[in-house]
Amino acid sequence: MIALLGTDLLMNNYFDKTPDLTQVDGSKIYQYPFEKMDSRLLDEYVGWFEIVDESGTVIYVKGNKEDNIMTYSAGMLYAKVDIQRNDDLIFYHVYQVQGPEGENYVLLWKIPQRLENLSLALGIFIALFAVLLFIALYFYTRYTVLQMKKPLRQIVEGIKEMEGFKK
């Protein structure tokens with residue numbers, strides 16, 4: 001349990017560069033014309049932005065698009081946003097925005113899940129687990145040795161007393 005908590009702490013504070021999405025406001029990212037959209041989040045956290053119109057067609061992409069989806073069916077976008085049903089390694093973040101004529105658009109921020117982060121987290125977990133296991137074994141061994149010494153001392157003292165009676 002301590003190894004898991006330590007891995008989580010190290011990944012969140014030092015290695016994982018995932019944005020705090022509660023602090024991100026989609027209306028501050030979105031601008032029309034689309035070319036003026038703020039790309040600082042893409043520079044910091046990677047991924048790309050897509051503007052999807054009401055029919056589900058991707059009409060603009062900002063950043064390095066890593067998938068080939070150009071249209072979304074009615075339920076496909078909702079399935080992709082749902083982490084439990086999403087079968088690819090891309091996190092979808094959805095913001096409702098309006099175009100200059102009042103048309104509704106969806107601003108998608110797609111952040112690819114990198115396998116390097118998973119292997120790094122696994123490596124940190126294994127290292128912490130091994131260190132904590134050796135520390136626990138060290139203290140357990142010391143404790144059991146101390147517990148075994150008491151009866152052995154009594155046996156040795158008893159043998160010495162018996163030697164004294166023989167003489």
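Position 1 is the first residue of the sequence, and the numbers go up from there.
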#### Entry: Any side-chain heavy-atom pair of M70 and T57 under 4.5 Å
no
### Task
Could you tell me the separation between the CG atom of D53 and the OG1 atom of T71, rounded to the nearest 0.5 Å?
10.0 Å
### Message
For E50 and Y72, which I'm curious about, is there any donor-acceptor pair between the side chains at under 3.5 Å?
### Response
yes
### Reported CD-to-NZ distance for the pair Q147 and K149, which is rounded to 0.5 angstrom
11.5 Å
### Message
I want to check something: taking the side chain as every heavy atom from C-beta on, are K110 and F49 in contact at a cut-off of under 4.5 Å?
### Response
no
### Query
So do F139 and T144 actually touch side chain to side chain, heavy atoms under 4.5 Å?
no
### Message
Would you say that V94 contacts L107 through its side chain, given a criterion of any heavy-atom pair below 4.5 Å between the two side chains?
### Response
no
### Message
Using side-chain heavy atoms (C-beta onward) and a distance below 4.5 Å, is I111 in contact with Y92?
### Response
no
### Message
Is it the case that the side chain of E103 and the backbone of E101 share a donor-acceptor pair, with hydrogens and angles ignored and the cut-off at 3.5 Å?
### Response
yes
### CE-CG distance between M148 and L146, expressed to the nearest 0.5 angstrom
11.5 Å
### Query
Hey, what do you get for NZ (K160) to CD (E157), rounding to the nearest 0.5 Å?
7.5 Å
### Exceeds 12 heavy-atom contacts within 6.0 angstrom, atom CG of L137
yes
### Query
Linking I/L/V/M/F/W/Y whenever their side-chain heavy atoms sit closer than 4.5 Å, directly or via other members, would L120 and F129 fall into one cluster?
no
### Message
Using side-chain heavy atoms (C-beta onward) and a distance below 4.5 Å, is V106 in contact with Y95?
### Response
no
### Query
Going from CG on L133 to CG on L128, what distance comes out if it is rounded to the nearest 0.5 angstrom?
12.0 Å
#### Entry: Euclidean distance, T7 OG1 relative to F125 CZ, rounded to 0.5 Å
6.5 Å
### Query
With hydrophobic residues grouped by side-chain heavy-atom distances under 4.5 Å, do Y138 and I135 end up in a single group?
yes
### Query
With the 4.5 Å side-chain cut-off for hydrophobic clustering, are W109 and I59 part of the same group?
yes
#### Entry: Intermediate values then yes/no, side-chain contact (heavy atoms from CB on, under 4.5 Å), Y60 and M37
CA-CA 11 Å; Y60 182 77; M37 283 196 310; 3.8 Å; yes
### Query
Taking K65 for the side chain and W48 for the main chain, is one N or O donor matched with an acceptor at less than 3.5 Å?
no
